[in-house]
Protein chains: 2
Amino acid sequence: MTTTVPRRRASISDVARLAGVSVGTVSNVLNRPDRVSPTTRERVQAAIGELDFVPNGSARQLRAGTITTAGAIVLDVANPFFTDVARGIEDRLEEADHTLMLASSDEEPEREARYLRLFEEHGVQGLMVVPATSDVEHLEAIRARGLRVVLLDRPSPSDTLSSVAVDDRAGAGAAAQHLVGLGHERIAFLNGPHTIRQCADRAEGMAAALASAGLDPEHALVEVTIDSLNAEGGQRGTERVLDLADRPTAVMCVNDLTALGALRTLRAAGIPVPSGMAVVGYDDVTFAGELATPLTSVRQPTHLLGYRAADLLLDEDETVVHVTFQPELVVRESTTGTS
Amino acid sequence: MTTTVPRRRASISDVARLAGVSVGTVSNVLNRPDRVSPTTRERVQAAIGELDFVPNGSARQLRAGTITTAGAIVLDVANPFFTDVARGIEDRLEEADHTLMLASSDEEPEREARYLRLFEEHGVQGLMVVPATSDVEHLEAIRARGLRVVLLDRPSPSDTLSSVAVDDRAGAGAAAQHLVGLGHERIAFLNGPHTIRQCADRAEGMAAALASAGLDPEHALVEVTIDSLNAEGGQRGTERVLDLADRPTAVMCVNDLTALGALRTLRAAGIPVPSGMAVVGYDDVTFAGELATPLTSVRQPTHLLGYRAADLLLDEDETVVHVTFQPELVVRESTTGTS
DNA sequence: TTCAGTGTATGAACCGTTTCATCGATGAGG
DNA sequence: CCTCATCGATGAAACGGTTCATACACTGAA
């Protein structure tokens with residue numbers, strides 16, 4: 001084995017020594033090569049190659065202050081909705097030669113806080129976050145410390161933070177209206193905790209739509225809170241729905257992963273969809289239309305959502321902006337039956 | 001608007017001044033609180049709160065040298081396979097109180113190189129990467145500079161880098177064998193470029209399985225190279241398969257997203273699955289079993305893959321280790337028809 | 001010959017921490 | 001009363017870059 005692990009990473013002064021110039025000159029070669037004569041530049045570059053020199057980002061950042069990295073915290077990277085958003089962010093950042101550090105909070109405020117702190121300590125330019133709590137004081141504090149913060153997928157309650165969101169009330173409302181139009185009068189809603197704003201908004205949107213259709217939300221809407229917003233959560237939630245007295249005829253799911261779980265449980269229980277139970281998802285992920293029972297779902301402009309968020313983050317001018325996109329109900333067989 | 005953006009982030013010396021102690025003491029309060037008397041500690045903490053002080057990670061890292069962050073570069077964060085791997089990594093890192101910076105190379109070597117450099121400059125403890133190229137010299141160079149590097153989802157060609165992988169030859173071989181057993185004698189393989197090792201290995205595995213079943217791989221295997229390893233790529237690839245003279249009777253897909261695209265195209269063309277064309281996927285993602293035609297797929301221990309990779313990265317002892325997991329063929333109706 | 005101007009290179013200050021040798025005060029033991 | 005640990009706090013030296021005022025060497029013009 002001929003690999004030799006170096007005792008220490010080469011520093012700029014090692015390069016300077018080898019090339020027979022000052023550290024300032026090496027720094028200039030790195031950052032403003034035009035201010036250095038071709039001969040010197042070449043000599044320095046040779047030394048850099050020889051020593052396999054990689055500049056220390058911390059040192060650079062410490063002195064220069066700037067960094068071209070942004071952080072994003074989403075609820076769950078394993079959820080296609082969030083990864084699509086992340087791709088949108090990445091694409092916009094790449095255009096500006098910035099890079100993204102991505103992390104998932106798992107809906108746990110402590111985890112979110114930990115990543116927020118990590119990012120802040122490392123001096124990211126800004127943060128995009130899907131808050132795990134309804135309260136965003138801690139984010140406002142970060143903003144007050146001079147970082148740019150953009151709320152993802154939820155409007156800002158106060159007016160100090162910019163946000164990019166989709167109208168969740170409208171999305172859930174459209175879904176509810178659709179179900180009512182099909183004759184459903186009692187609808188279960190597999191939802192996450194209301195501390196997550198999207199969940200609260202969707203519940204409200206449903207209730208409002210039911211009310212304006214002349215139904216009493218108290219009876220027409222049965223909200224079932226699930227612990228995790230994925231397929232497993234959906235399975236467990238649906239089992240509880242099936243046990244309900246005065247069983248609902250439709251189940252609305254807070255996202256498509258949850259709906260996937262619902263479909264699974266219904267199939268296992270031998271209940272036909274939609275005749276025995278209609279199912280609606282949310283997000284319209286790639287595979288929603290390809291399922292055994294193609295899923296009616298609320299489509300959101302995911303990629304664009306991330307893209308605009310990054311856009312806002314990079315925006316020079318510091319005004320607070322709220323962007324709201326409109327969702328679109330995509331109707332498929334999980335509510336209408338074989339077409 | 002009462003928000004005041006501070007001129008400058010508070011530093012440790014601001015805290016020291018306000019608390020009437022030295023910077024060394026503040027640092028001690030931060031890192032070894034037990035060495036500071038309760039009274040002083042309290043005073044310092046009050047000052048920290050007052051100034052809303054957040055330590056500067058760059059400075060800390062510059063001086064202390066260490067950092068508890070690892071980087072991972074995968075081909076595409078929007079692919080469930082990679083996000084599951086990422087979750088495995090995150091979970092293991094979290095146990096060790098480390099954090100993850102995640103990025104996707106999009107299968108582009110330049111993008112990969114850019115992120116590698118970024119991570120290295122920022123002094124991550126180690127890197128886990130799914131290489132976008134067959135050549136890993138650049139990764140060995142990083143290793144030689146003292147960082148830990150673990151190859152993800154592919155065995156190391158040389159023996160200088162640790163790796164965690166799934167036996168791709170075996171996985172593809174099992175799928176091919178299964179298809180041959182069903183009577184297929186001409187199989188299309190929607191594959192990515194062979195510069196990606198997994199793709200090359202899977203092609204080899206299929207060819208070997210076909211040969212050992214007594215078929216001539218030259219004729220029995222039609223490899224169709226697709227540009228992007230997702231649903232769109234699968235759709236376009238399948239269109240090309242349908243145009244082939246002597247049309248294959250089965251299509252093997254390099255991953256489930258691709259298979260999703262294949263199913264889509266087949267349905268649009270009115271070709272029944274599997275009677276008109278059998279389809280096999282790879283990865284066995286969450287929704288594989290719930291599709292209109294449940295998908296036969298090769299299951300890989302994704303979460304475990306990431307978990308073990310992070311494990312290796314954190315491992316104190318620096319020996320080179322290769323971990324290989326065995327995949328498992330999950331047979332469903334996309335090859336066997338209605339059960 | 002002198003001088004202003006230009007293009008390069010220099011070296012020290014600085015960024016915000018950690019670390020460590022040192023120092024003063026305090027209390028115990030002889 | 002003196003010594004010696006012990007404890008808490010101090011202050012300055014790193015860490016590895018960037019930046020900027022300054023020096024130096026030429027060139028061409030007056």
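In what follows, chains carry the letters A, B, and so on, assigned in the order in which the sequence lines appear, proteins first and then strands, with residues in each chain numbered from 1.
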Think B:S27 has a side-chain N or O under 4.0 angstrom from the OP1 or OP2 of C:dT18?
yes
Assign A:V26 to base, sugar-phosphate, or nothing according to its heavy-atom contacts below 4.0 angstrom with the strands shown.
nothing
Assess, by modelled atom type and distance only, whether the side chains of B:E112 and B:S105 contain a donor and an acceptor separated by less than 3.5 Å.
no
Donor + acceptor pair across side chains of A:H303, A:D91 (<3.5 Å):
yes
Taking only the side-chain heavy atoms of B:V36 (C-beta and beyond), determine which of C:dT8, D:dA9, C:dA12 contains the nearest atom.
D:dA9
What integer distance in Å separates B:I12:CD1 from C:dG16:P?
11 Å
C:dT18 phosphate, OP1 or OP2: any side-chain N/O from B:R60 under 4.0 angstrom?
yes
Nearest to the side chain of A:N56 - C:dT8, C:dT10, D:dG17?
D:dG17
When A:F81 is tested against each of A:V130, A:L305, A:L75, A:V74 for side chain to side chain contact (heavy atoms under 4.5 Å, CB included), which residue passes?
A:L305
Short of 4.0 Å, heavy atom to strand atom, which residues of residues 40-50 of chain B count as contacting DNA chain D?
B:T40
Check whether any side-chain nitrogen or oxygen of B:S58 sits under 4.0 Å from OP1 or OP2 of C:dG16, and answer yes or no.
no
For A:R87, is there an ion pair with A:E90 - N to carboxylate O distance below 4.0 angstrom?
yes
Out of D:dG17, D:dC15, D:dA12, minimum distance to the side chain of B:L62 belongs to D:dC15
Specify the separation, in whole Å, of atom CZ of B:R35 and atom P of C:dT18.
13 Å
Ion pair A:R117/A:E121, N-O distance below 4.0 Å
yes
Tell me whether B:D14 contacts the main-chain N or O of B:S11 through its side chain, where contact means a donor paired with an acceptor under 3.5 Å.
yes
Any chance the side chains of A:H122 and B:N56 put a donor and an acceptor closer than 3.5 Å?
no
If I take atom CG in residue B:L51 and atom C1' in nucleotide C:dG16, what distance separates them, rounded to the nearest angstrom?
15 Å
Hey, which of these two, B:G24 or A:G24, hits DNA chain D nearer its 5' end, going by closest nucleotide?
B:G24
For A:N31 and D:dC20, give me the distance from atom CG to atom P, rounded to whole Å.
12 Å
Please determine whether a side-chain nitrogen or oxygen atom of A:R63 lies at a distance below 4.0 Å from atom OP1 or OP2 of D:dC15.
no
Would you say A:Y307 and A:E95 are linked by a side-chain donor-acceptor pair, where the criterion is simply a distance under 3.5 Å?
yes
Check whether any side-chain nitrogen or oxygen of B:T25 sits under 4.0 Å from OP1 or OP2 of D:dT10, and answer yes or no.
yes
Within the structure, does a side-chain N or O atom of A:S22 lie under 4.0 Å from either OP1 or OP2 of C:dT10?
yes
Nucleotide C:dT19, atom C1' - distance to CZ of B:R32 in whole Å
7 Å
In whole angstrom, what separates A:I67's CD1 from D:dG16's P?
19 Å
What is the distance, to the nearest angstrom, from the CG atom on B:N28 to the C1' atom on D:dC7?
12 Å
Send over the distance from B:L30 CG to C:dT19 C1', rounded to a whole Å.
14 Å
